[in-house]
Amino acid sequence: MIEKTKQSTEEKQLKDQHHHLHPFSDPAGLKKDGVRVIESAEGVYLRDSDGNRILDGMAGLWCVNLGYGRPELVEAACHQMKELPYYNTFFKTTHNPAIKLAEKLSEITPKHMNHVFFTGSGSECNDTVLRMARHYWASKNQPEKQIFISRENAYHGSTVAGASLGGMKPMHKQGGLPIPGIVHIQQPYWYGEGGDLCPEAFGLKAAQSLEEKILELGEDNVAAFIAEPIQGAGGVIVPPETYWPEIKRILNKYDILLVVDEVICGFGRTGEWFGSDYYGLQPDMMPMAKGMSSGYLPIGGVMVSDRVVEVLEAGGDFNHGFTYSGHPTAAAVALENIRILQEEKIVEKAKTTVGPYLQKRWAELANHPLVGETRGVGMVAALEITNNKEARTRFDDNGTAGTVCRDFCFKNGLVMRAVGDTMIISPPLVISHAEIDELVTKARKCLDLTMEYFNAAV
Ligand SMILES: *Cc1c(COP(=O)(O)O)cnc(C)c1O
């Protein structure tokens, strides 16, 4: 019986290898190792084709905030598909799910944001933002305000604009990116780049690089500053406490737009509805996706501030949009997702009970010999693997330790992601205390195994 399952896994892997090109993957590596086939999921657990039960410490790709297997979301999709599976929102049309979701998003986002431009993903949001911000300034007769200031190691998606706005060097190397008109300043990553400065001083310095860049480019040429409240894919980089207040001070001084990319932080991840609430930010545009539908269907949207909408409304046609902007079935699922987040007080719990418990247990890992730092906010956290706690050095420059640790995690029933030698988690918001205990116990065990691996290599 077991033999048979195994074989069928191999068959699936082979077929996948023959016909499927995977995102962010080396085809040769996949060929060698084979892909993991995930067949079902319930709550915070995945099940693979060999019957292994795996705790999903990443909520898929930071998105399954409600956990797997919520029948209400399935029913919402089913009901909507029977009534109106698809219609567009171009050409003077709309439909009930888009109307209701737009209204609901206006209610839960910051007060000064009351309009949404729907998309199918986070990347599409950031393509939208690039064009919308430039259109905004052109409509105000300041068409020279074109440049976006972003940050090194930011992640804003994988389309041409998304990857260009992002600051990931390996992505820029392919396809001739970034496109013109996008520049990147230092990220507020104290552990990796803080040197001898204390976190507070480094946070100020990283923030002040925004002002230096604005002055260098000329305020009249800058359209917007874009940033994630907490960098996610870059390694769950929680900025030092001095960072956002200094950024706010600078933004108050200059007439440029603030785009806060909420694709990960939105919908409760930080213990507030949005990262902007957590840090007290006043965005002009807010890209959202991922947790918007708990990943059950693809949907995203850019929330737009009243002051920007006012200008757009006088600016004529905005020649931009997607076939699936406001997709009725996806919108119905997003609405149901938000209803459950509200009624079950899941965001509140992420702030008052589950989040604090996760952070308390996670911080205990700091005493492990391989751990240089732990950090986190709400339901997202990271730790740094080091071979020298004081010097904050790595075993090597290739992120080997992170990869080794991640592979041990997979083998031991835990999805924990590696970004270089930074291990990160972002579990479903509905994870229980007992499941958090299991996550932390498994993480410690895999850190032990990683240490044994390096000791044996010496
Ligand atoms: C994932 C992500 C995106 C891109 O979203 P897609 O839905 O994958 O296109 C954009 N911004 C941030 C902060 C993200 O984490």
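Below, all heavy atoms of this structure are taken into account, side chains as well, without hydrogens, waters or symmetry copies. We count ligands from 1, going down the list as the structure has it; atoms in each ligand are counted the same way.
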Can you list every protein residue that has a heavy atom under 4.0 Å from any atom of ligand 1, sorted by chain and residue number?
S121, G122, S123, N126, Y155, H156, G157, E228, D261, V263, I264, K290
Any side chain to side chain donor-acceptor pair (under 3.5 Å) involving residues 331-342? Give me the pairs, sequence neighbours left out, ordered by first then second residue.
K104-Q342, E107-Q342, S294-N337, E336-R339, R339-E343
Are N319 and H135 linked by a side-chain donor-acceptor pair shorter than 3.5 Å?
no
List the atom pairs, with distances to 0.1 Å, where a side-chain N or O of residues 71-81 and a protein N or O form a donor-acceptor pair under 3.5 Å, not counting sequence neighbours.
from, atom 1, to, atom 2, distance (Å)
E72, OE1, R70, NE, 3.2
E72, OE2, R70, NH2, 2.8
Q80, NE2, L84, O, 3.0

If the threshold is 4.0 Å, N to carboxylate O, is there a salt bridge linking R249 and E246?
yes
Identify, with sequence neighbours excluded, every residue that meets ring-ring contact (aromatic ring centres under 6.0 Å, His included) alongside H184.
H172
Under a 3.5 Å threshold, yes or no: a donor from one side chain and an acceptor from the other, between E211 and Y254?
yes
